[in-house]
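To find a chain, count down the sequence lines: A is the first, B the second, and so on, and within it residues start at 1. Just so we're clear, the structure is a prediction, and the values are computed from it rather than from any experiment.
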Amino acid sequence: MDSLLGLKRTHSCGELTKQHAGQEVVLCGWMARRRDHGGLIFVDLRDRSGMVQLVFSPDIDPAAFHKAEAVRTEYVLAIRGTVRMRDAETVNANMATGDIEVTGVELRILNAAKTPPFYIQDDIDVDEVLKLKYRYLDLRRPEMQRNLILRHRVAKLMRDFLDRQGFIEVETPMLTKSTPEGARDYLVPSRVNPGKFYALPQSPQIFKQILMVAGFERYFQIARCFRDEDLRADRQPEFTQLDIEMSFVDREEVLTMMENMVAYLFKEAIGADVPTPFPRLGYDEAMDKYGSDKPDLRFGMEMIDLTEAVRGSDFKVFENVLAAGGKVKAINVKGYAAIPRRELDGLVEYVGQYGGKGLAWMCYTAEGIKSQITKFFSEAAIAKVTAAAGAEEGDLLLIMADAPETLNPVLGQLRLEMGRRQNLIDPAKLSFAWVIDFPMFEYDPEDKRWVAMHHPFTSPRDEDAVYLGSDPGRIRAKAYDMILNGTEMGGGSIRIYQRDLQEKVFKAIGLSDEEANEQFGFLLEAFEYGTPPHGGIAFGLDRMVMLMAGRPSIRDVIAFPKTQSATDIMSQAPSAVSPRQLKDLAVKLDIVVKK
RNA sequence: GGCCCCGUGGUGUAGUGGUCUAACAUGCCGCCCUGUCACGGCGGAGAUCGUCGGUUCAAAUCCGAUCGGGGUCGCCA
């Protein structure tokens, strides 16, 4: 094995162009591919910046040539050589550095490498376990390097933008207090306080509000957050938020500044033009038209209310739903009247997964309407449905009936599914919007109490606060979510900053005075020492970068992600600990759960 | 906790009861090759088919359990 002694890297592989022709350069990197012609060897050398072709020949340097014969995949190399133009017929247009090559006069093998378990290249299809076990090799692949470099760029742009706007980056604790609301906490036992636990933060929410009380006026943090809930493609137990809070602002100011920031980020990071201001949707409208509080607005197919059109038919299913106060709604899948019967049956199953009890359809074919339900309806009623849905020949109406709370989300899922099947979703499109006027509370039938939809520090709209004691369900909050292509990218609110209002909200979610004091007493007390009106927002950095990179999972933009069972295959976390460690922490494992 | 998909040489796949002594591609090893770029040619090694149990004269193949991965519902203020 050779050392680097006396050689200093002068260039990176990817930066070389015809401008460098004639120069002697020193390059370092990994051996990506070798083409050995017996009397002539080509090596593609890869580093973070890209790849370049090296040429070794006995005519150039016999020692370097013979060394090159022994080089294998992923060996770490340093080479000294001269950049030269390729002959016209040997130019490789598929390679960024394809105009030139480097003739090697000195080759050093800095380190050998075992043959990697998978190819170090883009677009591979390999088992997740293998990729995660050898994450350092997976991360060596150019596309993964691009993803993490993009992530770095986005974080830097966030800091640049917010710094210019007068924001101060402040770190808040990772060892914090467990609170009853929200997701399950990750707990950390305290050695010096036996029997007591810290919680890792689900978000820096309370600390950032305290920073407003402290007079920082504009705060941000790129903050790690922890939630002990089940994982998804876009959910990891630890994830990163861009957390922001501002004093002396109203909702308008927050929304305007944040959409400007996001437009800046997308422009600078991926060159996308994002028009501002963003469209705004009320929560009720979003649920009514799209059945979701984070609708994918890249395509239409809005839900259509047929309640009045179908009222008074002989169809018992609809009549029963209507009698119970439910609704009948449909989506119009344009041009899909020829849907195979088998697919329709599949759709019934599909809505069943989401709690849909049934699905009616009307196919507007050239021979008339094919449907299992039209026989229950008068011609006039059918005409009303056709008019309400704007149905034409070739269209397919998918119709559901249920209470709105069930119907909307299920039909919303069906809308998404049909959008996907009909290829209506343009992957290149970026459809941003704000969803505003969220309900303050939603009723939890399991706990039989009202819970904060956003969090309990969200301010109710001024005109709705009077219902706090009487009718929490009708209160709208000063909350907002930024959505992009059906993903919630960020959410926030204008906060409560007065003790008495905060106490009323705690009461509304069933916290007694004692509990409120025990959990949040310090915040309530802080509110009495001159708290400015304030509000803020937090963005999911992982999701934002995932969307920018066009990846299907945030695992692709996190250096060391966890599996669906929250383990790290590379480091084998979590793991058992020694009895000694447990004893120090005053922790006893009485309830042993499998393995 | 529920539902769905996946697990076969290093990697990706084929094989759905006997002809499997497991096929193909790629990678790997050896030899040849002075303009390739997914170089090419010739030869070779490499798999008890995730694990355990069952059915059967016979199991990669059927059944059950289990482990691991992925997607999703619930959950995620």
Side-chain angles (χ1 to χ4, degrees), chain A residues 32-45 51-60 65 69 72-74 86-95 97-98 101 103 114-134 137 179-185 202-203 205-206 225-237 239 349-356 409-410 413 417 438-442 444 446-447 450-458 477 479 488 491 493 505 509 511 538 540 552-553 555 562-565 567 569 594-595:
Chain A
R33 247 188 295 273
R34 190 172 64 111
R35 292 173 292 281
D36 186 341
H37 288 232
L40 185 70
I41 298 171
F42 298 100
V43 166
D44 290 338
L45 188 70
M51 283 211 281
V52 70
Q53 173 168 284
L54 314 177
V55 190
F56 295 96
S57 157
D59 306 337
I60 302 164
F65 171 78
E69 291 179 316
R72 294 292 180 270
T73 305
E74 297 308 310
R86 296 199 197 183
D87 296 337
E89 60 272 20
T90 61
V91 163
N92 184 350
N94 300 319
M95 215 172 163
T97 58
E101 62 194 8
T103 56
K114 290 167 84 170
T115 302
F118 49 83
Y119 306 114
I120 310 298
Q121 60 188 42
D122 291 350
D123 299 317
I124 56 168
D125 177 23
V126 183
D127 188 36
E128 284 282 322
V129 184
L130 205 62
K131 289 207 286 185
L132 289 172
K133 181 176 175 191
Y134 298 98
L137 296 179
T179 56
E181 294 288 303
R184 223 172 269 118
D185 283 325
Q202 296 180 27
S203 85
Q205 182 61 34
I206 294 176
C225 304
F226 303 85
R227 293 178 192 175
D228 186 4
E229 297 291 348
D230 285 349
L231 292 85
R232 288 287 187 282
D234 63 352
R235 274 168 30 192
Q236 284 271 311
F239 61 101
E349 219 169 286
Y350 180 82
V351 298
Q353 292 174 49
Y354 296 92
V410 180
Q413 285 298 145
E417 180 63 16
F438 280 82
M440 180 90 180
F441 304 104
E442 56 191 340
D444 181 346
E446 221 165 280
D447 282 11
W450 292 93
V451 294
M453 195 162 183
H454 190 53
H455 56 55
F457 316 108
T458 299
E488 177 194 334
S493 61
V505 170
I509 59 172
L511 274 189
S553 165
R555 289 191 301 275
K562 294 189 173 51
T563 65
Q564 198 160 73
S565 46
T567 63
I569 292 181
K594 61 181 171 179
K595 325 191 262 192

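Closest approach of P456(A) to V505(A), counting heavy atoms only: O-CG1, 3.4 Å. Taking every heavy atom of both residues into account, M51(A) and A32(A) meet most closely at SD-CB, 3.6 Å. A477(A) and T458(A) get closest at one heavy-atom pair: CB-CG2, 3.6 Å. Between G39(A) and P58(A), the closest heavy-atom pair is O-CD, 3.3 Å. Nearest approach of R227(A) to S203(A), heavy atoms of both residues: NH2-CB, 4.2 Å. Nearest heavy atom pair, residue V55(A) against residue I60(A), reads O-CD1, 4.3 Å.
Comparing rG15(B) with rU21(B), their C1' atoms are spaced 16 Å from each other, to the whole Å. rU51(B) and rG7(B) are spaced 11 Å apart, taking the C1' atom of each and rounding to whole Å. rC42(B) sits 15 Å from rC24(B) when the P atoms are compared, rounded to a whole Å. For rA47(B) and rC20(B), the C1' atoms lie 12 Å apart once the distance is rounded to whole Å. Taking the C1' atom of each, rG9(B) and rG71(B) are spaced 29 Å apart, rounded to whole Å. Separating the P atom of rU66(B) from that of rC76(B) is a span of 27 Å, rounded to the nearest Å. Going from the C1' atom of rC73(B) to that of rU19(B) covers 46 Å, rounded to whole Å. Comparing rG53(B) with rA25(B), their C1' atoms sit 35 Å apart, to the nearest whole Å.
D185(A) pairs by the salt bridge (charged side-chain N to carboxylate O under 4.0 Å, His left out) definition with nothing, not counting sequence neighbours. Listed by chain and number, the residues in a ring pair (Phe, Tyr, Trp, His ring centres under 6.0 Å) with Y350(A) are Y354(A) (sequence neighbours excluded). The ring pair (Phe, Tyr, Trp, His ring centres under 6.0 Å) search around F441(A) returns none, not counting sequence neighbours. Shown here are the side chain to side chain contact (heavy atoms under 4.5 Å, CB included) partners of T567(A), two or more places apart in sequence or in another chain: T563(A), S565(A), I569(A), P574(A). The salt bridge (charged side-chain N to carboxylate O under 4.0 Å, His left out) check on E442(A) picks up nothing, with sequence neighbours excluded. Listed by chain and residue number, E229(A) satisfy the salt bridge (charged side-chain N to carboxylate O under 4.0 Å, His left out) test with R184(A) (two or more places apart in sequence, or in another chain). E74(A) is linked by a salt bridge (charged side-chain N to carboxylate O under 4.0 Å, His left out) to R46(A), R140(A), counting only residues two or more places apart in sequence or in another chain.
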- Query: Just by protein heavy atoms under 4.0 Å, how would nucleotides 43-50 of chain B read 5' to 3' in B, S and -?
  - Reply: --------

- Classify every nucleotide of nucleotides 32-41 of chain B by which part a protein heavy atom approaches to under 4.0 Å, writing B for the base, S for the sugar-phosphate alone and - for neither, in 5'-to-3' order. -BBBBBSB--

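One can find a donor-acceptor pair under 3.5 Å joining the base of rG74(B) and the side-chain atoms of D230(A). With hydrogens and angles left out, the side chain of R235(A) and the base of rC76(B) share a donor-acceptor pair within 3.5 Å. One donor-acceptor pair, N or O on each side, does fall under 3.5 Å between the base of rG74(B) and the side chain of R232(A).
Rounded to whole Å, the distance from CD on Q353(A) to P on rG1(B) is 20 Å. To the nearest angstrom, P of rA25(B) lies 24 Å from CZ of F118(A). Across the protein-nucleic acid pair, K562(A) atom NZ and rC76(B) atom P stand 21 Å apart, rounded to whole Å. The distance between atom CD of E229(A) and atom C1' of rU72(B), rounded to the nearest whole Å, is 16 Å. For D125(A) and rG10(B), the CG to P distance is 18 Å, given to the nearest whole Å. Distance NE2 (H455(A)) to P (rC76(B)): 15 Å, rounded to an integer number of Å. One can place CD of Q413(A) at 13 Å from C1' of rG71(B), the figure rounded to the nearest angstrom. The nearest whole Å value for the distance from the CD atom in E488(A) to the P atom in rC76(B) is 13 Å.
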Can you name the atoms? Protein N/O to nucleotides 26-31 of chain B N/O, anything below 3.5 Å, with the distance.
from, atom 1, to, atom 2, distance (Å)
rU26(B), O2', Y119(A), OH, 2.4
rG27(B), O4', Y119(A), OH, 3.4
rC28(B), OP1, T73(A), OG1, 3.3
rC29(B), OP1, R72(A), NE, 2.9
rG30(B), OP2, R72(A), NH2, 3.4

Give every pair of a protein N or O atom and an N or O atom of nucleotides 6-8 of chain B that lie under 3.5 Å apart, one pair per line with the distance.
none

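At the heavy-atom level, T567(A) lies under 4.0 Å from the strands shown only through sugar-phosphate atoms. Residue-level contact check: S203(A) touches the bases, meaning some heavy atom is under 4.0 Å from a base atom. Across all strands, L132(A) comes closer than 4.0 Å to no nucleic acid atom at all (heavy-atom distances). Nucleic acid contact for V126(A): sugar-phosphate only, since backbone atoms but no base atoms lie under 4.0 Å from a heavy atom of the residue.
rA23(B) is paired with rU13(B) under the criterion used here, namely a Watson-Crick or G-U wobble arrangement in which both key atom distances are under 3.5 Å. Pairing of rU56(B), defined by two Watson-Crick or G-U wobble distances under 3.5 Å, is not identified with any nucleotide.
Along RNA chain B, the nucleotide closest to A233(A) and the one closest to Q202(A) are compared, and the more 5′ of them pairs with A233(A). Nearer to the 5' terminus of RNA chain B, by closest-nucleotide assignment, is the contact made by Q564(A) (compared with the other of Q564(A) and R184(A)).
Put simply, the side chain of Q236(A) gets close to the backbone of K562(A): a donor and an acceptor are under 3.5 Å apart.
Taking 4.0 angstrom as the limit, S553(A) places none of its side-chain polar atoms (N or O) nearer than this to OP1 or OP2 of rG70(B).
Within the structure, the side-chain hydrogen bond (donor to acceptor under 3.5 Å, both in side chains) test picks out the following pairs touching residues 32-41 of chain A (sequence neighbours left out): R34(A)-D36(A), R35(A)-D44(A), R35(A)-Q53(A).
Annotation for E89(A): atom CD counts as buried by contact number, over 12 foreign heavy atoms lying within 6.0 Å.
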